[in-house]
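The block underneath contains the structure these notes are about, expressed in structure tokens.
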There are 2 protein chains.
Amino acid sequence: MTKKYRTPDGYTADIAVFTIVTEESKPFTPPVMSLNLLLIERAKWNAEGELNTEGGKWALPGGFVGVHENALQAAVRELKEETGIDCVHMKHFGIYDEPGRDDRGWIISNAHYAIISEDDLRQIKANDDASDVKLVNINDVLQLELAFDHRQIIYDALSVIKSELLQTTAAKNLLQDEFTYSELQAVLSTVTKDPAILNEQAFARKIKSLPFIEKVEGKTTQRTSKKATQLYRFNEVEVVKPIYTGRY
Amino acid sequence: MTKKYRTPDGYTADIAVFTIVTEESKPFTPPVMSLNLLLIERAKWNAEGELNTEGGKWALPGGFVGVHENALQAAVRELKEETGIDCVHMKHFGIYDEPGRDDRGWIISNAHYAIISEDDLRQIKANDDASDVKLVNINDVLQLELAFDHRQIIYDALSVIKSELLQTTAAKNLLQDEFTYSELQAVLSTVTKDPAILNEQAFARKIKSLPFIEKVEGKTTQRTSKKATQLYRFNEVEVVKPIYTGRY
DNA sequence: AAAATAGTGTCTTTAAGACATTATGAT
DNA sequence: ATCATAATGTCTTAAAGACACTATTTT
């Protein structure tokens with residue numbers, strides 16, 4: 001065997017935590033939402049008073065994978081430790097293993113994204129000693145000074161969350177169990193400009209024919225309008241849309 | 001810090017190599033295709049004459065990631081070394097890091113899939129000392145006795161290739177640059193039963209309106225029919241089909 | 001009454017689905 | 001002439017797109 005191999009110096013789990021923030025919320029009015037990413041500011045100094053690697057920059061929460069766990073379990077654990085959030089939807093989306101991506105050695109990062117609802121989010125605010133935690137609008141996040149290769153990881157995470165929200169029923173994790181067409185629309189509008197989704201009347205009609213969404217019979221809310229508004233919920237139907245069928 | 005961390009004992013790249021095999025090929029007739037996965041049989045004994053871990057079982061090609069490369073580069077290199085194939089389309093799809101998945105220690109496997117055309121495949125047959133390499137129809141592969149956790153990896157790879165072929169233009173890697181509607185249909189039929197794709201007349205019409213496929217003006221072939229048949233090619237247009245639009 | 005949002009009526013346009021027909025060219 | 005495959009004609013049906021209109025309820 002002529003090749004020289006090397007064992008990695010570390011294996012970490014990083015987490016891109018996405019959440020919806022309702023920007024305006026007048027009574028009887030549909031929400032205006034933004035999709036945000038949770039970042040933490042790396043401490044400038046470590047416990048021993050030395051300058052920290054990439055200190056002061058913004059980074060994804062995460063940390064080293066422990067002895068008896070895999071990266072997904074580590075990601076769930078770290079998120080709980082660092083922000084107090086009990087995660088609902090956590091999923092691997094990429095691996096970052098470029099030699100030299102971290103000065104401290106050959107550290108392999110297993111990147112996950114998490115989706116948490118606005119309700120879950122309130123747990124953070126409770127847990128809040130965290131002046132070093134903030135939510136950043138996904139449209140602004142790439143402007144920040146980011147640690148390590150987290151710019152790349154976040155760029156990839158944004159692509160993933162955008163296509164997940166449009167191509168799967170992942171939006172359910174950003175909404176209450178029962179929601180109005182305009183609330184779903186508000187979530188989707190954070191990741192698409194498609195007029196078929198953004199037009200009110202069109203979407204109000206369309207939602208009734210989506211196989212993976214069902215009407216909650218006889219149940220309405222006045223959250224978004226003075227007129228009582230029909231509630232819907234996601235059911236368990238899974239759908240795939242081949243690019244070779246349907247209309248363009 | 002109370003947690004104990006551990007560095008991985010190894011980092012490997014595994015590769016699920018998919019290829020199309022034309023089962024029947026009478027002249028002037030559309031092809032009948034099957035989608036196959038390339039497997040290698042693990043040697044029973046190693047170079048020192050000892051019994052090999054998981055020897056005799058079938059496994060995905062792959063191996064340890066080297067010093068100055070990342071897993072993707074390693075996957076490309078290994079595939080070339082083990083089968084002589086210069087890869088066209090290689091992509092990460094999953095990570096397997098369960099403690100205990102490999103007796104030899106905590107080995108993290110970075111799984112990739114590769115798509116190679118029937119033309120590229122001929123390179124293997126050339127390189128063929130390989131009685132230990134075989135192609136297995138994707139419908140039969142899970143019946144085999146598979147090494148390590150490769151059953152799980154392959155199961156995941158099958159899900160990924162199926163949705164890639166239907167939701168992206170990945171099929172182009174299984175076809176010649178220029179192809180007829182029935183050749184594309186033959187590829188897609190290996191992963192779907194959707195009548196909108198399988199019906200001849202419907203698909204012959206549909207292909208003309210797909211934004212990511214274009215007619216090769218004035219160019220035809222008689223590969224699939226006595227009647228000269230229009231050739232098409234993929235262009236660079238990328239498409240996404242939100243589940244919230246289109247018909248069901 | 002005014003304002004805002006939900007929801008429907010309806011007309012036009014487009015595409016899907018089904019089925020039949022025509023076109024082509026080797027044998 | 002026959003056969004297989006490609007390609008189009010055409011009718012029906014369903015959904016998209018557009019726009020106007022109605023419905024509801026708080027202020």
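Every chain is numbered from 1, with letters handed out A, B, ... down the list of sequences. Quick note: numbers below take in every heavy atom, side chains included, and nothing from hydrogens, waters or symmetry partners.
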Subject >> Quiz item: cation-pi between B:K172 and B:F179, 6.0 Å / 45° >> reply: no

Original post:
Would one find a side-chain N or O of A:T224 under 4.0 angstrom from OP1 or OP2 of C:dA6?
Top reply: yes

Original post:
To the nearest angstrom, how far is B:L210 atom CG from C:dA16 atom C1'?
Top reply: 14 Å

Original post:
Which nucleotide, C:dA15, D:dA7, C:dA6, lies nearest any side-chain atom of A:S225?
Top reply: C:dA6

Subject >> Whole-Å distance separating the NZ atom of B:K26 from the C1' atom of C:dT27 >> reply: 15 Å

Original post:
Hey, are A:D119 and A:S117 close enough side-chain-wise for a donor-acceptor pair under 3.5 Å?
Top reply: no

Original post:
Quick one: is C:dA6 close enough that its OP1 or OP2 comes under 4.0 Å of any side-chain N or O from A:S182?
Top reply: yes

Subject >> B:D194 CG to C:dA16 C1', straight-line distance once rounded to whole Å >> reply: 12 Å

Subject >> B:K227 side chain near D:dA4 phosphate (N/O to OP1/OP2, under 4.0 Å) >> reply: no

**OP:** Give A:T245 one of three labels, base, sugar-phosphate or nothing, depending on what nucleic acid heavy atoms sit under 4.0 Å from its own.
**Re:** nothing

**OP:** Name the nucleic acid region contacted by A:P30, choosing base, sugar-phosphate or nothing; use a 4.0 angstrom heavy-atom cut-off, strictly under.
**Re:** sugar-phosphate

Original post:
With ring centroids as reference points, do B:F212 and A:Y244 lie under 6.0 angstrom apart?
Top reply: yes

**OP:** Measure the distance from OH on B:Y232 to P on D:dA6 and round it to the nearest whole Å.
**Re:** 11 Å

Original post:
Has B:Q222 got a side-chain N or O lying under 4.0 Å from the OP1 or OP2 atom of C:dA26?
Top reply: yes

Subject >> Residues in contact with DNA chain C, drawn from residues 196-205 of chain B - heavy-atom cutoff 4.0 Å >> reply: B:A196, B:Q201, B:R205

Original post:
Which whole-number value in Å describes the distance from B:I207 CD1 to D:dA7 P?
Top reply: 9 Å

Original post:
Given that B:T180 and B:G246 both sit by DNA chain D, which one's nearest nucleotide is further toward the 5' end?
Top reply: B:T180

**OP:** Could you tell me the separation between the OH atom of A:Y248 and the C1' atom of C:dA15, rounded to a whole number of Å?
**Re:** 14 Å

**OP:** Go through A:T245 and B:I197 one step at a time and tell me if the side-chain contact (heavy atoms from CB on, under 4.5 Å) criterion holds.
**Re:** CA-CA 7 Å; A:T245 62; B:I197 290 175; 3.7 Å; yes

Original post:
Between the side chains of A:D14 and A:H112, is a donor N or O closer than 3.5 angstrom to an acceptor N or O?
Top reply: no

Subject >> A:Y113-A:H89 aromatic ring centre distance below 6.0 Å >> reply: yes

Original post:
Rounded to the nearest Å, what distance is computed from the CD atom of residue A:Q230 to the C1' atom of nucleotide C:dT5?
Top reply: 15 Å

**OP:** Hey, which sits more toward the 5' end of DNA chain D by its nearest nucleotide, B:T229 or B:R247?
**Re:** B:T229

Original post:
Does OP1 or OP2 of C:dA23 have a side-chain N or O of B:K226 closer than 4.0 Å?
Top reply: no

Original post:
From D:dT8, C:dT14, C:dG25, pick the nucleotide closest to the side chain of B:K208?
Top reply: D:dT8

Original post:
Which part of the nucleic acid does B:S209 contact within heavy-atom distance under 4.0 Å: base, sugar-phosphate only, or nothing?
Top reply: nothing

**OP:** For the pair A:E41 and A:K57, find out whether any cationic side-chain nitrogen is under 4.0 Å from an anionic carboxylate oxygen.
**Re:** no

